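Shown next, in structure tokens, is the structure this report addresses.
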Amino acid sequence: MYERFPEGAAQRTDPVAAAEVVYDAVIVGGGISGALIAQRLSAAGRKVLMLEAGPAEDLTLRGYEDYLNRFYSAISKDNQAPYPALANAPMPRGTDARRITPGAPDASSYLVQNGPFTTDTTYTRVLGGTTMHWEGKTLRMLPEDFRMRTLYGQGADWPLTYEDLAPFYNEAEREIGVSADVRDQAYLGITFDDDYVFPMKGIPLSYLDQVVAKDLDGMQVELDGERRQLRVRPFPQGRNGIPNPAYDGGKGYVPQGAVSAYQVEVGERCQGNNNCVPLCPVQAKYNAGKTLAVALRTGRVDLVAQAVAHKVHVDQDTHRVTEIEYRRYERPDSPRFTTVRARGRLFVLAANAVENPRLMLASGLRASSGLMGRNFMDHAYLLAWGLLREVAGTFRGTICTGGITDLRGGRFRSRQAAFTIDIHNDGWGWARGAPMTDLISLVDSDGCYGESLRQGLVDRVSRQLQMAFMVEVPATPGNRITVSPDFVDHLGNMRPVLTYDIPEYTLRGVAFARQLSKRIFARLGAEDHTVYNPNFWGYTVHDGEGYEIRGGNHLAGTHVMGRDPSASVVDADQRSWDHENLYLVGGGSMPTVGTSNVTLTVAALCLRSARAMLAQLDSETAPINVSANRRPTAPTSGEVTR
């Protein structure tokens with residue numbers, strides 16, 4: 001019932017053999033976008049080639065456990081700690097962030113930061129993509145998020161409405177296996193079909209959530225003349241809970257287990273592990289490998305791992321894409337590579353909002369609108385942390401089970417950014433490295449040892465409360481991804497250069513969030529321990545007050561969709577306006593980022609696009625052009641040395 005991909009079965013396709021085939025679709029990227037599209041196309045009988053920059057170890061239990069063991073033994077347990085450092089497919093790490101000088105790009109990490117703001121945003125270049133380190137929250141966007149320009153004069157309107165995307169939200173929630181209850185998620189205009197239930201029942205609020213809710217629920221907040229009552233609400237989760245017997249008209253829901261055939265003890269119900277970010281120890285949390293394993297089992301998906309896309313080739317007469325040129329490295333520790341070209345009828349760039357425009361710009365394809373790479377967005381996170389009066393069971397449950405969503409929308413958005421508030425079950429971990437920093441403080445500063453140390457640590461940690469304000473960032477053309485021949489990786493591929501700043505609109509939301517955190521702590525009777533360090537890499541001053549701002553890893557906006565080719569890069573199906581057989585999919589297509597984690601919306605958009613791709617393939621029976629039938633050029637070898 002739960003079997004995914006047999007342990008030990010072949011996972012990789014010979015790139016030379018793949019070069020002989022004209023595929024129905026060539027997909028760049030093995031994250032959730034690529035996996036969903038590969039699964040849908042292959043299920044419809046289409047032949048698909050997937051190119052993945054990282055290794056393909058995730059689809060075996062041994063490979064997954066190797067990731068876990070690497071994380072457990074790592075000194076710095078950041079989002080990328082489980083994964084090997086690959087010079088040939090490098091990825092940004094939050095630990096790389098540092099203060100920079102505007103106009104003097106910092107090239108010390110893979111993502112070249114050009115300022116004026118430094119961000120610690122990351123993404124994972126392994127099979128499964130960033131679902132291999134995501135938090136697992138699956139909020140839908142608000143209906144008003146799709147009409148920000150019309151309603152509030154901010155950002156842009158989507159070429160889609162919430163109602164257009166709602167059926168695909170349903171489909172995405174099924175694929176991910178979302179645990180939630182409709183009564184908790186129907187607010188601020190979010191609607192569901194009358195008989196809709198989520199695949200699995202909601203994950204309950206943690207004890208910490210309940211302690212906060214006891215004193216917080218009913219708190220009044222006024223913004224631009226609108227009064228709101230705050231309440232702690234459970235978040236929808238992309239992790240296995242209790243299957244809902246009422247799902248699918250009473251047929252129920254069968255949860256997805258682990259990606260390997262070994263299912264007895266792995267990949268079933270969430271066990272409440274607090275270290276489920278980056279990786280769930282029991283694979284209860286969804287990752288895109290689960291979807292991809294189903295696609296591979298059809299026999300119609302070829303996977304070439306360790307294949308870094310280098311160039312998109314376009315026919316100058318038809319403007320159609322003819323090939324994706326990629327560089328395949330045999331060994332992670334060697335700069336030697338083989339150059340291969342993949343041919344297809346449709347081409348899908350499904351990497352992310354950084355790597356998609358990086359590849360297009362490196363290929364000289366800047367979009368006729370001039371917007372390729374522009375309008376980069378990521379949520380700005382402001383943390384606030386305090387010490388509660390009572391033991392609250394901190395470090396029990398998954399990283400984040402509940403929070404405050406009442407300020408996600410409203411007419412105040414014409415003036416300042418909206419936000420969601422996450423209540424973190426990992427104490428001050430993100431803010432100050434708890435519990436390790438607490439242990440060091442108790443030993444070095446307080447001289448505790450033995451029983452006093454044990455009791456002191458329990459008392460300190462079990463009362464910690466950290467709130468994470470996820471503040472929206474509007475699309476700004478100056479926030480952008482570019483490339484430069486001055487910055488290349490070990491394979492000679494141009495690296496992404498990020499120019500980024502936090503808009504005033506967002507900073508007004510940040511300032512309001514900090515003042516609200518003080519009110520919340522006062523209502524809870526908690527000691528406010530929040531202190532922002534001017535030496536912190538993301539330190540920003542607004543109206544004389546300083547704040548530490550972090551990135552959310554919710555990348556969006558660099559190939560935005562729209563109705564007008566002169567003001568967007570892709571249409572509502574995520575198909576390029578300039579190249580009729582090219583789709584750029586994922587968060588980069590989103591005109592606004594709103595106040596929800598982007599994964600569910602990305603999944604919904606890609607499921608919608610998969611239908612458009614199948615319709616296009618059905619309508620185009622002839623090969624893409626005469627040159628598509630030629631014998632492929634023999635793969636060539638190359639070596640890049642530093």
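What you are looking at is a predicted structure, and each value in this text was computed from that prediction instead of being measured.
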Check the angle between the aromatic planes of Tyr547 and Tyr532 and answer parallel, tilted or perpendicular using the 30° and 60° thresholds. tilted
Return the orientation label for the Phe376 and Tyr500 ring planes: parallel under 30°, perpendicular over 60°, tilted otherwise. perpendicular
Any Leu86 side-chain heavy atom under 4.5 Å of Arg125 side chain: no
Is there a side-chain contact between Leu383 and Arg550 (heavy atoms, below 4.5 Å)? yes
Pairs flagged by salt bridge (Lys or Arg N to Asp or Glu O under 4.0 Å) wherever residues 104-118 is involved - sequence neighbours left out: Arg98-Asp106
Going by distance alone, is a donor N or O of one side chain under 3.5 Å from an acceptor N or O of the other, for [X] and [Y]?
X	Y	value
Asn425	Thr401	yes
Ser414	Gln154	no
Gln80	Thr124	yes

Strictly distance-based, threshold 3.5 Å: is any side-chain N or O of [X] a donor or acceptor partner for the main-chain N or O of [Y]?
X	Y	answer
Thr130	Tyr123	no
Thr420	Thr405	no
Ser441	Asp438	no
Arg413	Tyr152	no

For His529, ring pair (Phe, Tyr, Trp, His ring centres under 6.0 Å) partners two or more places apart: Trp428
